[in-house]
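The structure appears below as structure tokens.
Computed from a prediction, not measured in an experiment: that's the story for all the values here. Basis for what follows: all heavy atoms, side chains included, without hydrogens, waters or symmetry-related copies.
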Amino acid sequence: MKAAHNPSLIGRLLWSLCIMQVVVLITAIAGTLYHIIDDQFTFMDDAVIEALEESISVQPEGLVFASNESLRKLQATNPGLWVVIADGNGRRKELGSVPGEYRELANYLPVLGISQIRTLPQHRQLTMRIEVKEIQGQRVHIMVGGVADLTFTSLIVQATGLLSPYFLTPLLLFTLLATPIVVLRAMRSVRRLAGRAAALDISQPDAHLPEDSVPREIRPLVSAFNAAMERSSKAYHARDRFLRDAAHELRMPIAVLMARLDGIPAHPIKTMLQIDLARLATVAEQLLDLQRLQTPKLEFAPVDLVALGREVISDIAPLALTRCDDLVLEAPEQPVWVMGQASALSRVITNLLQNALVHGAGVGTISLRIGVDGSVAVADQGPGVTPQDREQIFQPFYRGKTEQPGHGLGLHLVQEIVRAHDGRITVEDAEGGGALFRVQLPLLER
């Protein structure tokens with residue numbers, strides 16, 4: 001079944017803010033234009049001023065109108081067009097018939113600034129506009145009228161264009177740049193909280209997330225998470241106490257049974273009982289080893305893997321040589337130092353060798369290789385580990401489809417010890433067949 005798509009909270013916030021800003025923008029423009037624009041009055045198009053600016057030329061003898069395409073088209077479209085231009089030197093030029101109402105005003109054109117006179121539609125011929133332009137290094141005042149009025153739709157487009165450099169562009173930049181930055185900064189505490197949640201160790205009694213440094217809206221979720229963590233932690237530690245107590249309680253009956261079996265006369269059943277009781281004792285010791293790893297006060301010291309490997313090989317060799325063809329240690333001459341607990345790392349090597357003896361089919365060579373990089377590898381020439389079992393082989397009590405004796409705790413114990421030493425363990429196929437378990441530990445910096 002395909003997993004449902006989970007939308008991004010940041011994406012939803014960004015889209016919501018962008019849509020909100022677009023709505024506010026449209027509303028603001030509409031409201032501004034509603035108050036500025038009044039269709040009861042006439043307006044003049046900016047294109048008229050642009051066409052005139054292209055046709056005006058400053059010559060030594062004065063201001064002149066150049067008969068270019070823009071001016072001819074403007075005159076053809078507006079037969080009543082009239083224009084008065086003047087500069088600061090008193091030079092003046094007229095085009096068309098200036099209405100009497102503006103003749104006196106035209107005399108003061110050099111001192112007039114940008115302005116516009118709007119008329120009622122029935123007097124549109126008196127609509128007049130004054131612009132001041134910089135032409136060929138001279139400031140030229142332009143008075144123009146007799147032009148057809150601008151339509152209401154064109155007026156809206158023109159007003160929107162006027163607003164763009166001062167209103168639309170900054171708002172667009174804010175939407176595209178500032179809004180993502182603000183949202184990402186606001187979500188920074190959530191990302192930090194997620195990182196702390198990923199790093200939580202349920203085995204620690206005080207495992208929880210801080211509630212005072214998160215946004216108020218997320219605090220109920222964090223509180224619920226902490227309550228669930230507390231319940232899980234209590235159940236976790238209750239299980240640990242049960243396993244520890246059960247393992248301790250089993251040690252005494254096992255010891256009594258072993259003593260009593262030793263006093264029984266030799267019999268085939270006696271041997272079978274001793275083997276079964278030894279397995280039970282191994283399980284109890286492995287459970288205790290797992291509980292010891294949970295204690296926060298593991299005392300680490302420099303450990304020489306080469307010396308440790310030789311010690312384990314010498315201890316296990318008598319048993320190993322009865323169950324395989326050969327036992328080989330490959331190690332460098334110089335020490336390989338790591339920080340750890342010697343007894344725990346000794347159990348790692350011992351359990352891996354015992355696992356090779358049990359599952360190595362009783363033939364071939366079992367090798368222990370110590371690398372100068374802090375690696376410990378144990379290889380056998382048995383059937384190996386199937387790919388589907390490699391993901392679960394380190395789970396407690398998982399034994400796969402093997403018929404060999406065991407309880408599925410040895411490799412789990414190895415993995416827990418390696419993790420406690422900040423290392424990692426992997427399993428792969430050995431050269432020539434069989435399984436290869438490789439432990440990588442961090443070297444001691446000396």
Side-chain angles (χ1 to χ4, degrees), residues 29-30 32-169:
I29 293 177
T32 303
L33 295 179
Y34 177 79
H35 288 284
I36 293 178
I37 299 173
D38 190 340
D39 59 1
Q40 295 182 358
F41 296 95
T42 60
F43 295 84
M44 190 176 297
D45 196 344
D46 288 340
V48 174
I49 304 298
E50 294 172 359
L52 290 174
E53 186 179 2
E54 293 177 3
S55 64
I56 296 173
S57 177
V58 179
Q59 301 295 334
E61 63 274 11
L63 301 175
V64 298
F65 288 98
S67 181
N68 55 22
E69 181 65 26
S70 299
L71 182 58
R72 287 194 296 271
K73 184 176 180 181
L74 185 62
Q75 289 176 313
T77 307
N78 304 278
L81 174 70
W82 59 267
V83 184
V84 180
I85 56 177
D87 61 13
N89 299 322
R91 295 180 295 183
R92 175 175 162 180
K93 185 73 172 178
E94 294 184 4
L95 178 68
S97 177
V98 180
E101 292 86 350
Y102 293 126
R103 283 219 167 262
E104 184 65 24
L105 183 63
N107 295 327
Y108 299 96
L109 181 58
V111 299
L112 298 179
I114 298 174
S115 55
Q116 184 169 187
I117 294 179
R118 302 169 184 171
T119 64
L120 297 175
Q122 58 268 31
H123 300 287
R124 61 171 53 91
Q125 72 276 7
L126 294 178
T127 297
M128 185 270 293
R129 180 171 172 179
I130 298 176
E131 287 287 338
V132 181
K133 298 293 183 178
E134 193 77 18
I135 301 176
Q136 295 176 324
Q138 293 287 332
R139 188 171 64 178
V140 179
H141 297 248
I142 304 172
M143 177 187 290
V144 59
V147 179
D149 60 306
L150 190 64
T151 63
F152 185 74
T153 303
S154 300
L155 184 58
I156 293 177
V157 175
Q158 179 174 309
T160 304
L162 291 174
L163 290 174
S164 296
Y166 312 104
F167 186 66
L168 300 182
T169 302

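Applying the side-chain hydrogen bond (donor to acceptor under 3.5 Å, both in side chains) test to Glu131 and every residue at least two apart in sequence or in another chain returns Arg129. Residues passing the side-chain contact (heavy atoms from CB on, under 4.5 Å) test with Glu104, sequence neighbours excluded: Asn107, Tyr108. Evaluation of the salt bridge (charged side-chain N to carboxylate O under 4.0 Å, His left out) rule for Glu94 yields Arg92, Arg103 as partners, not counting sequence neighbours. Residues satisfying the side-chain contact (heavy atoms from CB on, under 4.5 Å) criterion with Pro110, sequence neighbours excluded, are Ala86.
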Could you check Val144 against Leu81 for side chain to side chain contact (heavy atoms under 4.5 Å, CB included), going step by step and ending with a plain yes or no? CA-CA 7 Å; Val144 59; Leu81 174 70; 3.7 Å; yes
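Minimum interatomic distance between Leu71 and Asn68 (heavy atoms only, all atoms of both residues): N-OD1, 2.9 Å. Nearest heavy atoms, Pro99 versus Leu126: CB-CD2, 4.2 Å.
Taking CG of Leu105 as the reference point, atom CD1 of Ile130 lies at 5.5 Å (rounded to 0.5 Å). Summarising the geometry, atom CD1 belonging to Ile85 is positioned 8.0 Å from atom NZ belonging to Lys93; distances are rounded to the nearest 0.5 Å.
The ring pair (Phe, Tyr, Trp, His ring centres under 6.0 Å) contacts involving residues 47-70 comprise nothing, where partners must be two or more places apart or lie in separate chains. Screening residues 64-90 for salt bridge (charged side-chain N to carboxylate O under 4.0 Å, His left out) gives Glu69-Arg72, Asp87-Arg91 as the qualifying pairs, with residues at least two apart or on separate chains.
Taking the side chain as every heavy atom from C-beta outward, Met143 and Val98 never approach each other to under 4.5 Å.
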Would you give me the side-chain donor-acceptor pairs under 3.5 Å for residues 48-63, sequence neighbours excluded?
unit_1	atom_1	unit_2	atom_2	d
Glu54	OE1	Ser70	OG	2.9
Ser55	OG	Leu52	O	2.9
Ser57	OG	Gln59	NE2	2.7

